[in-house]
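In each ligand, atom 1 is the first atom listed, and ligand 1 is the first ligand listed. From a predicted model like this one, the values you see are computed outputs, not experimental measurements.
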Amino acid sequence: MPINELKLAKELIRKPSITPKDAGAINILVKNLKSIGFKCQLINFKNVKNLYAKLGKSSPNFCFAGHTDVVPPGDISSWSVNPFKPTVKNNKLIGRGANDMKSSIACFVAAVSRFKVKNRKFKGSISLLITGDEEGVAINGTKKVVEYLKKEREKINFCIVGEPTNPNKLGEMIKIGRRGSITGKLTIVGTQGHVAYPQRANNPANTMVKILKKIKEIKLDTGTKNFQASNLEITKINIDNHADNVIPQSANAVFNIRFNNKHTSNTLKRKLNTIFKSTSRKAKCKFKIDYQVSGEAFLTKPNKTTYMVQDIIKKITKIKPKLSTTGGTSDARFIRKIAPCVEFGLVGKTMHKVNESAPVSDLKRLTKIYQNILENYFI
Ligand SMILES: [Zn+2]
């Protein structure tokens, strides 16, 4: 019997799997996947549950990837329904995870179950790589599972990540890469003193202002065929000073750069460090910088499977999806290390919001898209 995507999506939403809690979400998947013949392997790291499930043994291996964890609901009283009691209102499924991304996981499973009814024997295998840690620090999720699969020499030939990629309508956008992201926490240390005697002090605020102006004015690039221009944004400027008549000892700032594949985190660090060094030396200040890299920029060069996926989406939605690299990071940044990887899921308008929702008709069409992709891939 084919599995119904709406019923399964509701079952998953009922489990409050706020990162890193699983709350039974992965078990629901295991139960459903086993019923259609998948072999399920739980790959747990620390407190995070992950699942690698596979139907068939032979090559090629087509993989669907996603996460069962969700972000917290926020103030429950501002929701029109209980976020963990999925409800259909005006043909929309409402609940936490309704579009990011429990529903697309339900569509994966429903699509495979229908594909299997029609194609009892197909050459190849279908796998699901599901993590319980995507929305959080993402250390014990897909990153570790990918390392494990690599060690086990498990081959994935193509992967679709079901993140909500469409801005407004189903069919608008496939993601074929993502920009990189680096955050810098900068501290400038000067000399504290009386505000009326600046010659006896060294105000780090002046140096910080100079540095921030310089780094904001760096011309990173003007974009590429596949990527928008890289951009630096200053997100925090803090001086912890409780007096108006004191020149502070130190100043802090935080910035983030979203960068395309003309840069790596290391080339950017070098560029920035040169500015920090020379400007603070001139000002006789000291500086400290801490970087956090959440992902490098990457691009999966479109291949014939990418174009096949694009054609099928167009056939079903009547929209030709753009091949894009916009938006934040996703687990595709880990999977692309072992397999060509594209992302396509629901419309992301309400993700992480109060009253997160997805039209029931989109769930139906997404299942049809995934099913058609499988049929074209294996036949
Ligand atoms: Zn997501």
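The atom of E163 that is an N, O or S and sits closest to the Zn ion (ligand 1) is OE1. No other N/O/S atom of H67 lies as close to the Zn ion (ligand 1) as NE2 does. Take the N/O/S atoms of D100: the one nearest the Zn ion (ligand 1) is OD1.
By the 30° and 60° cut-offs, the orientation of the rings of F378 relative to F62 is perpendicular. By the 30° and 60° cut-offs, the orientation of the rings of Y377 relative to F158 is tilted. Ring geometry, Y291 versus F255: the interplanar angle exceeds 60°, so the pair is classed perpendicular (tilted spans 30 to 60°).
Between R365 and D362 there is a salt bridge, since at least one side-chain N of the basic residue sits less than 4.0 Å from a carboxylate O of the acidic one.
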